[in-house]
Structure formats: C-alpha cells, structure tokens
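Note that ligands are numbered from 1 as they come in the structure, with each ligand's atoms numbered from 1 the same way.
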Amino acid sequence: MRTYLVTGGAGFIGSNYIHYMFKKYGNEIRIINVDKLTYAGNLENLADIENRENYTFIKADICDTEKINAVFAENDIQRVVHFAAESHVDRSIKHPEVFVKTNVLGTLVMLNAAKAAWELPDGSFKPDHKFLHVSTDEVYGSLEEDGGYFYETTPYAPHSPYSASKASSDMLVKAYMDTYKFPANITNCSNNYGPYQFPEKLIPLMINNALHGRKLPVYGDGKNVRDWLYVEDHCKGIDMVQEKGRLFETYNIGGHNERQNLQIIHTILETLREMLPDSDPRKAGITDELITFVEDRKGHDRRYAIAPDKIRAEVGWYPETTFEVGIRKTIEWYFEHEEWMNHVTSGDYQKYYDDMYSNR
Ligand code: NAD
Ligand code: TYD
C-alpha cells in the first residue's frame with residue numbers, strides 16, 4: 001500500500017485533497033497528515049475521515065526537524081504532497097516573519113527529511129518516491145490588464161511577502177532537483193475556491209458577510225483580476241502531475257477563468273438571492289448596497305492569469321467545473337455548514353477582522 005505524507009492537510013486545499021484522494025483510491029493508499037493546526041488548520045474539515053484505518057493525523061510543525069525526521073523514520077513514505085504554508089497575502093503584509101519561517105525554512109526541513117529518507121548510498125533515490133511542492137501563480141508577479149499569461153518559463157517576480165516566501169521555497173525545491181536530482185515536481189496554481197476555505201479569502205468572506213448583511217469590503221477599484229479554479233480541479237491536477245508528469249518539471253494549473261473582483265462579488269450576490277428561498281429573512285438584506293470600496297491593499301497585484309497548456313498537453317489535465325457550477329456548489333456547501341462557519345469565525349477571527357478592516 002502506497003503511503004502519502006500530506007503537510008497542511010487540515011487547511012483548505014489540503015483537506016479537499018485528502019477527501020479527493022480517499023474518494024479516488026479508497027483503501028489502496030494510506031495518508032499521514034502533518035499539520036501544526038494554526039488558525040487556518042481545522043480538524044473539523046476532516047471529521048468524516050478521521051477514523052479511517054488508512055489515515056493518521058500528526059500534529060507537528062514542519063519547522064520541527066526532529067519530529068519531521070521521525071515521521072519519515074517510522075513510515076515508508078513514497079509520496080510527499082507539501083501544502084503546509086502561511087497562505088494569506090494580507091497577513092503577510094502585516095506579519096512577514098512567520099511566512100519566511102514556515103514557507104521557506106519549513107520547506108527546507110521537508111526537503112532534507114525526504115532526501116535523507118530516500119537517498120541511496122550511490123546518491124540516487126529510491127525508485128518511485130516523489131515529492132510534490134504545491135505553489136502559487138503569485139510567484140510570477142503581476143500581469144498587465146490587457147494581455148499575457150503566466151507560463152512555466154515566466155521569470156519569477158514576486159511582490160508580496162507571501163509570494164516572495166513561496167518563490168523562495170520554489171527555488172529551494174528547484175535547487176534540490178538540480179543539485180541532487182531529488183525526485184520532485186512543483187505546481188503553480190491560480191486562485192482556488194470551494195468548500196472549507198477560511199473566510200479571510202475573497203469568496204468565503206463575501207459569502208459570509210453578505211449572509212450577515214455586513215459590508216463587502218472591496219480593495220481599490222475592484223478591478224483586479226484573478227484566475228479562479230474550483231479546488232477539486234486543483235486536487236485532480238496535483239494527483240495527475242505526481243503520477244503522469246515528468247519528474248523535475250514545473251506545471252502551471254489554471255482554468256482560464258479570469259474575473260475582476262467586482263464581477264465575483266456581483267455573481268455571489270446574484271447567486272445568493274437566487275438560491276435563498278423568499279421565506280429566508282436574510283434574503284432581503286442581500287443587496288448591491290453592501291458593496292463598500294475601501295483602501296487598496298499595499299502593492300496589490302493587478303492581474304494573474306495562468307496558461308495551462310503544458311499540463312494539458314503532457315499530463316492530460318483540464319478543469320471539469322465551470323465557475324457557474326463551482327460557485328453554486330461552494331455557496332451550497334456554506335449553506336449546509338453554518339456551524340463550521342460559526343466555529344471558525346468565533347475566537348480570534350473577530351480580532352483579525354477588526355485589525356484588517358476597521359480603519360480601512
Ligand atoms: P490554508 O492557509 O488554508 O492552509 C494551510 C495549512 O497549513 C493549515 O492547515 C495550517 O494549519 C498548516 N500550517 C501552517 N503552518 C504550518 C507549519 N509551520 N507546520 C505545519 N502545518 C502548518 O492554505 P491553502 O489555501 O489550503 O493553501 C495550501 C497551499 O496551496 C499553500 O502552500 C499555498 O501557498 C498553496 N496555494 C494556495 C492557493 C489558494 O488559492 N488558496 C492557490 C495556489 C497555491
Ligand atoms: P485573496 O482571496 O486574498 O487572494 P489573493 O490575494 O491571494 O489573490 O484576494 C483575492 C482578490 O480579492 C485580491 O485582488 C484582493 C481582493 N480582496 C478584496 O477586494 N477584499 C477583501 O476583503 C479580500 C479578502 C480580498
């Protein structure tokens with residue numbers, strides 16, 4: 001039975017990936033999930049699979065060399081899928097240090113542990129052992145509004161502390177592949193949305209605020225463009241790259257779904273109005289008047305857009321969920337998981353929200 005070590009599996013994409021993999025492979029695989037459970041990590045995301053015999057959760061910091069080495073020593077890990085990271089640009093602008101620690105040093109710890117466990121005396125690596133580093137399109141910087149795409153060959157030009165720390169981690173993975181022929185891949189994906197996304201990111205924040213009749217804070221002119229991908233399509237891409245991609249290669253993942261932030265917000269409002277029954281008291285409060293323009297994000301990247309040509313041609317990946325279907329599924333999920341939202345927005349969330357938005 002093949003064993004996967006997933007880092008950051010209690011977060012948004014990691015938990016979706018674990019669900020996806022069990023749905024696809026059932027009991028053919030074993031998954032060990034290593035997560036520190038920061039504010040973004042939530043074991044509720046995995047409640048329905050936590051008792052599986054082929055699943056183990058280990059609470060650990062990826063910067064903790066001893067613990068990570070022990071996980072490799074005690075298990076024959078054949079696949080690493082490395083999600084664990086600090087992932088929110090706004091937080092990175094206020095508190096960059098933890099981004100460098102987790103995203104850069106944590107990745108180095110993961111690389112060293114896998115290398116030590118997999119390297120053979122002649123310097124080659126155990127066959128069929130692979131590391132996949134999950135990264136972002138934000139490492140490529142910002143595109144002009146009127147053209148161009150991010151290709152795998154686009155030079156790195158990160159602007160935020162978040163994207164700079166992810167770029168650094170990508171460079172470390174590239175260095176291990178170049179120097180040691182360490183068996184790895186990197187994927188750079190566009191913005192994800194879907195179930196289990198923490199409401200500090202655009203889409204769940206707007207859904208949650210609208211349902212509570214709260215203002216919808218739009219940074220700047222609201223015309224920044226992101227290329228949105230339904231999270232399950234990302235998970236499928238990661239699995240396909242690991243099984244069908246060429247080792248040492250980078251693959252961009254995105255679905256040609258560029259939208260301005262204001263367009264996204266209008267779609268959310270319209271879909272909420274359509275989906276809520278007239279008897280629901282929240283419906284009347286969901287109006288365009290909630291939209292409020294606030295001070296722009298510092299260094300706000302204007303446009304991201306992925307060219308997914310390579311992953312399509314080499315791996316056969318394509319996105320299955322259109323935005324229209326994906327946003328409905330996402331909203332439906334938030335309707336059905338009000339308790340989840342109540343839990344993640346209790347405690348520190350209010351303080352975060354006040355820090356980020358009260359004087360904006
Ligand atoms: P997330 O913030 O929802 O989850 C991150 C997870 O990592 C959490 O469970 C958290 O507890 C864990 N974690 C954080 N620091 C840790 C540490 N030191 N040790 C162990 N665990 C730690 O993030 P996400 O949106 O699921 O993103 C996952 C990965 O995908 C990240 O590497 C991110 O850069 C990348 N990515 C995200 C997007 C997106 O749109 N969300 C797009 C492209 C790439
Ligand atoms: P976000 O979800 O934080 O993802 P990223 O910055 O990694 O792309 O933000 C997506 C876009 O939405 C980005 O242009 C910033 C904007 N945004 C707002 O306008 N208001 C908000 O409250 C948030 C969280 C984001």
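With respect to atom 21 (N) of ligand 1, the closest heavy atom belonging to the protein is Lys36 N, 3.0 Å. The protein non-hydrogen atom at the shortest distance from atom 23 (O) of ligand 1 is Ser87 OG, 3.2 Å. For atom 32 (O) of ligand 1, the closest non-hydrogen atom on the protein side is Lys166 NZ, 2.6 Å. Remark: minimum distance from atom 35 (C) of ligand 1 to any protein heavy atom is reached at Val134 CG1, 4.0 Å. The shortest contact between atom 10 (C) of ligand 1 and any protein heavy atom is with Thr38 OG1, 3.3 Å. Of the protein's heavy atoms, Phe83 O, 3.6 Å lies nearest to atom 28 (C) of ligand 1. Summary of contacts: the protein heavy atom closest to atom 42 (C) of ligand 1 is Ser190 O, 3.3 Å. The protein non-hydrogen atom at the shortest distance from atom 34 (O) of ligand 1 is Tyr162 OH, 2.7 Å.
When the heavy-atom distances from atom 43 (C) of ligand 1 to Gly14, Ser15, Cys189 are ranked, the shortest goes to Cys189. Across Ser163, Gly8, Ala85, heavy-atom proximity to atom 5 (C) of ligand 1 is greatest for Ala85. Closest heavy-atom approach to atom 44 (C) of ligand 1 within the set Ser165, Ala10, Ser135: this belongs to Ser135. Between the choices Ile13, Thr7, Asp35, Asn16, the shortest heavy-atom distance to atom 27 (O) of ligand 1 belongs to Ile13.
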> Could you walk me through whether Trp317 and Asp233 pass the side-chain hydrogen bond (donor to acceptor under 3.5 Å, both in side chains) check?
Replying inline: CA-CA 9 Å; Trp317 176 89; Asp233 279 322; 5.1 Å; no

>> Apply side-chain hydrogen bond (donor to acceptor under 3.5 Å, both in side chains) to residues Tyr304 and Glu258 and explain how you reach the verdict.
In response: CA-CA 8 Å; Tyr304 302 144; Glu258 290 180 52; over 6 Å; no

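In this structure, Lys283 pairs ionically with Asp278, as a charged nitrogen and a carboxylate oxygen lie closer than 4.0 Å. A salt bridge links Glu200 with Arg91; the closest basic N to acidic carboxylate O contact falls under 4.0 Å. Look at Asp35 and Lys59 and you find no salt bridge, because none of the NZ, NE, NH1 or NH2 atoms lies under 4.0 Å from a carboxylate O. With respect to Glu243 and Arg79, a salt bridge is recorded, a charged nitrogen being found less than 4.0 Å from a carboxylate O. Using a 4.0 Å cut-off between charged side-chain N and carboxylate O, Asp288 and Arg273 make a salt bridge.
No part of Asn42 comes within 4.0 Å of ligand 1, judged by heavy-atom distances.
Residue Asn191 has no nitrogen or oxygen atom sitting less than 3.5 Å from a nitrogen or oxygen atom of ligand 1, judged on distance alone. At a 3.5 angstrom cut-off on N or O pairs, Val34 does not count as close to ligand 1. Backbone and side-chain nitrogen or oxygen atoms of Ile62 are examined, and one is located within less than 3.5 angstrom of a nitrogen or oxygen of ligand 1. The shortest N/O to N/O separation between Asn192 and ligand 1 falls below 3.5 Å. The N/O atoms of Cys63, backbone and side chain alike, include none that comes under 3.5 Å of an N/O atom in ligand 1.
In the vicinity of Leu37, heavy-atom distances shorter than 4.0 Å reach the ligand 1 atoms 11 (O). The contact set between ligand 1 and Asp61, taken as ligand atoms under 4.0 Å from a residue heavy atom, comprises 17 (C), 18 (N), 19 (N). Of all atoms in ligand 1, listed by their number and element, those nearer than 4.0 Å to a heavy atom of Ala60 are 19 (N), 20 (C).
Counting heavy atoms from C-beta on, the side chains of Pro308 and Ile311 come closer than 4.5 Å. When side chains are defined from C-beta on, Glu314 counts as touching Arg246, because their heavy atoms get closer than 4.5 Å.
Shortest non-hydrogen contact noted between Ala210 and Leu272 is CB-CD1, 3.6 Å.
Each of Ile58, Val81, Leu46 was evaluated against Asn33; a single residue qualifies, Leu46, per the side chain to side chain contact (heavy atoms under 4.5 Å, CB included) test. Met206 pairs in a side chain to side chain contact (heavy atoms under 4.5 Å, CB included) with only one of the listed residues (Asn209, Ile203, Leu202), which is Leu202. Among the candidates Tyr352, Tyr39, Tyr334, the single residue satisfying the ring-ring contact (aromatic ring centres under 6.0 Å, His included) test with Phe198 is Tyr39.
The local environment of CG in Asp348 is sparse, with at most 12 non-hydrogen atoms from other residues, nucleotides or ligands closer than 6.0 Å. Lys126 NZ: more than 12 foreign heavy atoms inside a 6.0 Å radius.
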Side-chain donor-acceptor distances from residues 110-118 under 3.5 Å, at least two apart:
residue, atom, partner, partner atom, Å
Asn112, OD1, Tyr176, OH, 2.6
Lys115, NZ, Glu119, OE1, 3.1
Trp118, NE1, Ile77, O, 3.0

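Within 4.0 Å of ligand 2, contacts by protein heavy atoms are made from His88, Val89, Glu138, Asn191, Glu200, Lys201, Leu202, Leu205, Met206, Pro217, Val218, Tyr219, Asn224, Arg226, Asn261, Arg297, His300, Tyr304, Tyr357.
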